[in-house]
Structures are given as structure tokens and as C-alpha cells.
Protein chains: 2
Amino acid sequence: MTLTAKVPTRERILDAAWDLFVRRGYAGTTVAEIEAEASLSAGSGSLYRHFSSKEELLRAVVDREVERIDDARDMGPEPSETGGDVRVALALEFQRRLDNLRRLHPLIDLVRREHEHLGPSQQHLGDLLVEKNVSVRSQRLAAWMDAGAIPRRDPEALTTTILSALTGYHLAVEFFGGPPGGLREQELISTLVDLVAGT
Amino acid sequence: MTLTAKVPTRERILDAAWDLFVRRGYAGTTVAEIEAEASLSAGSGSLYRHFSSKEELLRAVVDREVERIDDARDMGPEPSETGGDVRVALALEFQRRLDNLRRLHPLIDLVRREHEHLGPSQQHLGDLLVEKNVSVRSQRLAAWMDAGAIPRRDPEALTTTILSALTGYHLAVEFFGGPPGGLREQELISTLVDLVAGT
DNA sequence: GTCTATACGAAGATAGAC
DNA sequence: GTCTATCTTCGTATAGAC
């Protein structure tokens with residue numbers, strides 16, 4: 001079963017462009033380099049048989065990645081197997097969010113850097129990353145408040161505040177190459193759990 | 001007193017480049033445009049009498065702005081006039097941090113976008129924005145814990161967590177053009193105060 | 001639909017007069 | 001130390017053969 005289904009040229013171009021745009025940025029990547037990485041002759045312009053311009057290619061790349069996120073929208077298995085321990089459930093949820101941010105960072109960074117070429121894809125990404133998350137997580141928190149497991153507060157404000165903290169931590173790590181103030185990931189999670197659970 | 005002290009050409013170039021790099025990015029700004037904005041002849045290359053290359057100019061621009069931050073390093077007046085109300089003092093401190101982030105955002109954004117051209121300036125900026133802040137703020141929190149005004153926790157972990165939340169909120173606003181989850185600034189501050197004060 | 005070859009424009013940088 | 005003029009390189013995009 002040497003299943004070497006040959007990848008269509010258009011896909012190879014998208015793969016190559018995604019890789020190069022992430023690593024070197026839009027302006028820092030030439031069409032010739034993309035062609036070479038896609039096993040086309042560098043400088044031949046064969047790319048233009050598949051995309052009408054370099055900018056259209058960028059938009060196609062971003063749109064494809066955003067679609068993939070939407071497909072992969074799972075927050076992992078429900079933490080019911082934590083034996084109902086709120087602190088453990090919270091810690092798992094925060095951990096998953098940080099993992100997700102790490103996984104999505106190349107896309108987030110690309111969209112941020114090249115937003116001038118992108119148009120509506122940017123707001124769309126914002127919706128995917130934040131808005132849809134808030135409602136789901138708020139409901140879970142509200143349920144715990146109702147059950148008396150954590151102190152009662154505004155669930156949506158609390159959710160967004162937590163998401164901001166996790167996002168800010170992640171961006172500081174990526175941006176400055178290390179955790180802000182030397183705070184390790186487990187310490188951040190533990191601090192947030194303490195704050196939310198009101199320990 | 002028509003004190004029109006004429007600004008040296010080098011300064012005018014730095015001003016022009018700062019403005020254009022922030023608005024259009026490094027690659028999106030041409031040397032000719034910078035010359036025009038600095039009241040030199042566009043395309044003349046007169047800029048090269050003051051800077052040996054476009055990249056050196058970028059580094060000079062960033063370095064000058066980083067210096068200005070360091071000079072302006074004040075967290076505002078001590079909040080002793082709050083009558084010792086911890087909640088008010090905390091809210092003021094968080095508010096000032098958000099104001100500072102807004103004020104510094106053009107520089108943060110520029111360094112982030114063009115870090116490939118910059119070298120050591122980036123880590124330096126990280127130090128200025130985070131590291132030095134953590135120690136000062138941690139001590140203040142520790143004092144309040146000693147006084148029993150807020151629950152006792154690890155002061156440094158708490159400080160960094162709060163700074164992450166404020167930074168994440170700020171970046172989400174700048175990035176997506178609006179507050180994450182519709183959370184207004186005052187709601188974020190109030191939520192953080194509640195969490196820290198253990199209300 | 002991929003190739004070779006090239007047109008075309010943009011932009012960084014230099015030369016030399018003043 | 002600023003100007004006009006120009007060199008040179010590079011990169012997007014197109015033309016036309018196969």
C-alpha cells in the first residue's frame with residue numbers, strides 16, 4: 001500500500017506559501033521562493049496559473065487555516081472524570097486554552113502582521129478565538145456558581161478576564177521569548193485557579 | 001517670543017521615520033517618503049548623509065523611543081490619597097497600567113512587527129515593560145497582604161498574573177478592534193479588583 | 001499547465017555639481 | 001549637506017513555446 005496519492009499543485013503552493021509566510025512574512029517572501037518550495041521552477045510564474053496575484057494567495061492561505069481551526073473546534077473531553085473537583089477541572093481548562101493558543105499562534109501572528117492585506121478574515125479570526133469561547137465557558141462557570149462550588153460573580157466578565165490573562169501570558173512568552181516575570185505556566189494556572197475558586 | 005528654533009535634519013528624519021514606520025511598517029515605507037516628510041527632496045538620497053542605511057535608521061528610531069520610555073518611567077503619584085482604601089488603590093493602579101499600554105502601543109507594535117531587523121532592542125523593551133514593573137508592584141501587594149488588607153498569596157505570581165490579564169485585554173482590543181467578549185475596561189478592572197481583594 | 005525568457009516598475013543606494 | 005540624475009538590484013507579473 002504505497003499510497004503516494006500525488007498532491008495537487010494548488011495544494012502544494014498553499015502549503016509552501018503557508019510555511020514561508022509564517023517564517024518570513026508576506027513582504028519577505030518572494031513568489032519565486034514559493035514556486036521553488038512547491039517544486040515548480042523558481043521565477044517561472046507558473047504560480048499565476050493557480051492564483052491571480054500574490055495577495056490573493058495570502059488570503060487563500062489564511063482562509064484555509066481559519067477553516068481548519070473551525071473544524072478542530074473541540075475543547076477536549078468534558079472534565080466530568082475529574083470527580084467533580086472544581087480546582088482540577090479549572091486547571092485542565094486553562095491548560096487546554098494555553099495549548100490551543102500555542103497551536104494557533106502561527107496563524108494569529110500571521111494575521112496580525114499582515115492584516116493590511118487581509119480584510120474581513122481578521123475580524124472572523126477574532127470571533128473564532130474569543131467570542132464563541134466566552135459563551136461556552138461562561139455557562140460552565142455559572143453552573144459551578146449555582147452549585148456553590150465557586151464564589152458568585154458576573155460569569156461573562158470573569159470568563160473574559162481569565163481569557164485575557166491566559167492570552168496575555170501566552171503573547172508575552174511568544175513576544176519576549178520567555179515567561180513574563182519568570183512566571184512558569186503551572187504557577188499562572190495555579191494562581192488563576194486560586195483567584196477563581198476564592199481559596 | 002517666536003521661538004522657532006530650527007530642528008536639526010537628523011531629528012526631522014527620525015520624526016518622519018517614526019511616524020511612517022508606525023503607520024505603514026518598515027517594508028511599506030520608502031526612503032523617498034521619509035525624505036519628503038522630513039522636508040528633503042524625495043528620492044534625493046540626502047537621508048544617507050545622516051544614516052548609512054534604512055535599517056540603521058529603523059534601529060535609531062526604536063532606540064530613541066525606548067530611551068523616552070525609560071525617562072518617562074513614572075507610575076504616577078503614590079495612591080496614598082485614597083484614604084487607604086485598597087480597592088480604590090488597586091483600581092487606580094490597573095487603570096494606569098492600561099493607560100500606559102495604550103500610550104506605548106505604537107512602539108510595542110512596531111518592535112513586534114519588525115523584530116527581525118532589530119536585534120537586542122526587543123529584549124530590552126521586554127525588560128522595561130515587564131521585569132522592572134513586577135518587583136515594584138509585588139512589594140506593594142506584599143505590604144497589603146502583611147497588613148491583612150487582601151488575602152495572602154505569592155506576591156510575584158499574583159502580580160504577573162494581573163499584568164498578563166491587563167496586557168491580554170489591551171492587545172485584544174488593539175488587535176480585534178474592540179474589547180474581547182464585549183467586556184468594557186471598567187468591568188475588567190472591577191473584576192480584577194474583586195479577585196485580588198477576595199471579595 | 002509548466003517551462004524559458006523577459007517586460008516593467010519600485011526602491012535602496014551612489015556620483016558629482018553646487 | 002542638499003540637490004539632480006542615475007545605477008543597480010530585485011520582484012511581480014506576462015508572453016509564448018511546448
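Residue numbers start from 1 in every chain, and the chains themselves are labelled A, B, ... in the order their sequence lines are given, proteins ahead of strands.
- Whole-Å rounding puts the A:F51 CZ to C:dT2 P distance at 12 Å.
- Between the side chains of A:T199 and A:R87, at least one donor N or O lies within less than 3.5 Å of an accepting N or O.
- Distance CG (A:L47) to P (D:dT12): 10 Å, rounded to an integer number of Å.
- Of the N and O atoms on the side chains of B:N100 and B:R97, not one donor lies less than 3.5 Å from an acceptor on the other residue.
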B/S/- contact track for nucleotides 5-18 of chain C, protein heavy atom under 4.0 Å:
B-----SSBBBB--
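- Using a 4.0 Å cutoff on non-hydrogen atoms, no part of residues 10-21 of chain A comes near DNA chain C.
- Smallest separation of non-hydrogen atoms from B:V86 and B:I150: CG1-CG2, 3.6 Å.
- The cationic group of B:R112 lies under 6.0 Å from the six-membered ring centre of A:F175 and within 45° of the ring axis, placing it in a cation-pi geometry.
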Side chain to side chain donor-acceptor pair (under 3.5 Å) for B:R23 and B:T29? Distances and angles first, verdict last.
CA-CA 9 Å; B:R23 275 165 43 206; B:T29 301; over 6 Å; no
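- We find that NE2 of B:H50 is positioned 6 Å from P of D:dG1, with the value rounded to whole Å.
- Looking at A:R140 and A:T159, their side chains never bring a donor and an acceptor atom within 3.5 Å of each other.
- For CZ of B:R184, the number of neighbouring non-hydrogen atoms (other residues, nucleotides, ligands) closer than 6.0 Å is 12 at most.
- The nearest whole Å value for the distance from the NZ atom in B:K6 to the C1' atom in D:dT2 is 13 Å.
- Checking the phosphate oxygens (OP1, OP2) of C:dG1, no side-chain nitrogen or oxygen of A:T9 falls inside 4.0 Å.
- Regarding A:E33, its CD atom lies at a distance of 13 Å from the C1' atom of D:dT12, rounded to whole Å.
- A perpendicular orientation is assigned to the rings of B:H170 and B:H105, their planes being inclined by more than 60° (bins at 30° and 60°).
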